[in-house]
Structure formats: C-alpha cells, structure tokens
Amino acid sequence: QVQLVESGGGLVQDGGSLRLSCAASGRAFSSLVMGWFRQAPGQARDFVASITWIGHGTYYSDSVKGRFTISRENAKNTVYLQMNSLKPEDTAVYYCAASTGASSRPRENEYDYWGQGTQVTVSS
C-alpha cells in the first residue's frame with residue numbers, strides 16, 4: 001500500500017504561482033512513477049504531468065507545458081508541482097498519483113494509488 005498526501009493548494013490571482021507537494025509513504029519512493037492530475041467541476045479528470053523514478057523523464061500536458069514544473073526529492077519521498085503563470089482555467093482539484101508498474105509513462109488507468117486531492121482556485 002502507498003499513502004499519498006497532497007498539500008499546497010489554495011486561492012491565487014490570475015498570473016500567480018503555487019507549489020503543490022505530495023508526500024508518499026508505504027513503499028520505496030524511487031520505485032514509483034509519480035503523476036499529477038486535475039479535475040475541474042463537471043469535467044473528467046485530466047493528466048497534468050508525470051515524472052519517472054529518479055526524475056530523468058518528465059512529461060506535461062500541452063495546456064501546462066512551459067508554465068508548470070514537476071520534480072521529486074526521493075530522499076524526502078515527495079513530488080512537487082510548481083505552477084507559474086496560473087490562469088482561471090487551471091482551477092481544479094489536483095490529485096497526486098503513483099504507479100508501481102514498469103512503464104515510464106503510465107496511462108491514467110495504470111496509476112495504482114491516488115491522493116485525496118487539493119483544491120486550486122485561480123481568480124480573474
């Protein structure tokens with residue numbers, strides 16, 4: 001079992017920044033591919049970013065590329081999502097997810113564990 005706890009969400013103005021954190025426990029963190037997803041009200045959950053086991057590979061959705069940065073500190077069992085130049089359309093609940101599989105770029109249904117989510121609201 002892997003437990004994931006997100007933090008760092010909140011209310012920010014258009015153009016502002018936030019950094020989300022996700023602390024993992026229960027399994028060797030370096031064995032996990034980590035991802036961030038988000039879900040806006042009334043919409044499906046969408047992929048935001050992911051990072052491979054020791055951080056050599058990072059992937060982003062087109063909507064956040066160039067504005068968001070995913071990183072990880074394996075010594076602290078933590079993955080981060082630095083969000084800059086935030087827009088109102090970034091408003092959503094953000095979820096951290098962990099994959100125990102062999103793929104360096106898992107599909108959404110290949111993530112095994114999910115956090116409870118943290119709300120990010122960007123006001124215009």
Side-chain angles (χ1 to χ4, degrees):
Q1 288 286 342
V2 175
Q3 292 77 43
L4 302 173
V5 179
E6 301 102 333
S7 60
L11 174 64
V12 64
Q13 289 189 331
D14 191 355
S17 298
L18 281 175
R19 188 175 82 155
L20 304 183
S21 301
C22 173
S25 60
R27 184 178 174 125
F29 189 62
S30 59
S31 71
L32 304 171
V33 170
M34 301 299 296
W36 287 97
F37 292 77
R38 67 186 182 185
Q39 187 168 22
Q43 298 186 22
R45 187 167 58 193
D46 289 329
F47 169 77
V48 175
S50 66
I51 187 165
T52 54
W53 302 273
I54 56 174
H56 286 176
T58 56
Y59 306 96
Y60 299 92
S61 68
D62 288 342
S63 61
V64 307
K65 199 173 296 182
R67 299 188 298 122
F68 291 11
T69 302
I70 188 171
S71 62
R72 65 190 295 162
E73 282 192 76
N74 285 357
K76 293 185 177 182
N77 295 343
T78 302
V79 63
Y80 305 98
L81 186 68
Q82 177 66 45
M83 306 185 294
N84 298 329
S85 301
L86 282 161
K87 306 173 182 180
E89 52 264 44
D90 294 317
T91 295
V93 177
Y94 284 70
Y95 296 93
C96 172
S99 172
T100 62
S103 174
S104 63
R105 197 172 180 179
R107 295 186 298 271
E108 182 175 346
N109 63 1
E110 294 177 316
Y111 283 87
D112 305 287
Y113 300 98
W114 294 82
Q116 81 288 353
T118 185
Q119 176 70 46
V120 171
T121 303
V122 184
S123 63
S124 57

Are [Y] and [X] co-members of a hydrophobic cluster defined by side-chain heavy atoms under 4.5 Å apart?
| X | Y | value |
| --- | --- | --- |
| I51 | L4 | yes |
| L86 | I70 | yes |
| Y95 | W36 | no |

With a 3.5 Å distance limit and no angle check, can you tell me whether [X] reaches the backbone of [Y] through a side-chain donor-acceptor pair?
| X | Y | result |
| --- | --- | --- |
| R67 | S85 | yes |
| R105 | S50 | no |
| S99 | E110 | yes |
| R45 | E108 | no |
| R19 | G8 | no |
| E6 | C96 | yes |

Exercise. Have a look at R38 and tell me which of T91, D90, T118 forms a side-chain hydrogen bond (donor to acceptor under 3.5 Å, both in side chains) with it.
Key: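 So the option named by the test is D90.
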Shortest non-hydrogen contact from [X] toward [Y]:
| X | Y | result |
| --- | --- | --- |
| V33 | S103 | CG2-O, 3.6 Å |
| V93 | Q119 | CG2-OE1, 3.2 Å |
| A92 | A40 | CB-N, 3.8 Å |

Quiz item: Taking it one step at a time, do L11 and S123 satisfy side chain to side chain contact (heavy atoms under 4.5 Å, CB included)?
Solution: CA-CA 7 Å; L11 174 64; S123 63; 4.3 Å; yes
Exercise. Taking the six-membered ring for Trp and the single ring otherwise, decide whether the centroids of F37 and Y111 are under 6.0 Å apart.
Key: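 Centroid distance F37-Y111: below 6.0 Å, so yes.
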Exercise. Give a yes or no on whether a salt bridge exists between K65 and D62, defined as a side-chain N under 4.0 angstrom from a carboxylate O.
Key: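 Judged by the 4.0 Å cut-off on N to carboxylate O distance, K65 and D62 do form a salt bridge.
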Quiz item: More than 12 foreign heavy atoms under 6.0 Å from CD of Q13: is that the case here?
Solution: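 No.
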Distance (rounded to the nearest 0.5 Å) between [X] [atom1] and [Y] [atom2]:
| X | Y | atom1 | atom2 | answer |
| --- | --- | --- | --- | --- |
| N77 | C22 | CG | SG | 10.5 Å |
| L20 | T78 | CG | OG1 | 12.5 Å |
| R72 | S21 | CZ | OG | 13.5 Å |
| M34 | L32 | CE | CG | 6.0 Å |
| F47 | Y60 | CZ | OH | 9.0 Å |

Min side-chain heavy-atom separation [X]-[Y] under 4.5 Å:
| X | Y | result |
| --- | --- | --- |
| V12 | S17 | no |
| V2 | D112 | no |
| V64 | M83 | no |

Quiz item: Any side-chain donor paired with an acceptor under 3.5 Å for Q3 and S25?
Solution: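 The criterion, which ignores hydrogens and geometry beyond distance, is satisfied for S25 and Q3.
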Exercise. Verify the distance criterion only: is there a donor paired with an acceptor across the side chains of Q1 and Y113 at less than 3.5 Å?
Key: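 No pair is found: no donor N or O on one side chain lies under 3.5 Å from an acceptor on the other.
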Practice problem: Dump the intermediate steps for side chain to side chain contact (heavy atoms under 4.5 Å, CB included) on F29 and V79, then the final yes or no. | Solution: CA-CA 10 Å; F29 189 62; V79 63; 4.2 Å; yes
Practice problem: Report the C-alpha distance between Y59 and T52 in whole Å, list the side-chain angles of each, state the deciding distance to 0.1 Å, and finish with yes or no for side chain to side chain contact (heavy atoms under 4.5 Å, CB included). | Solution: CA-CA 9 Å; Y59 306 96; T52 54; 4.1 Å; yes
Quiz item: Which of parallel (below 30°), tilted (30 to 60°) and perpendicular (above 60°) describes F68 and Y94?
Solution: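 Ring orientation, 0 to 90° scale: tilted.
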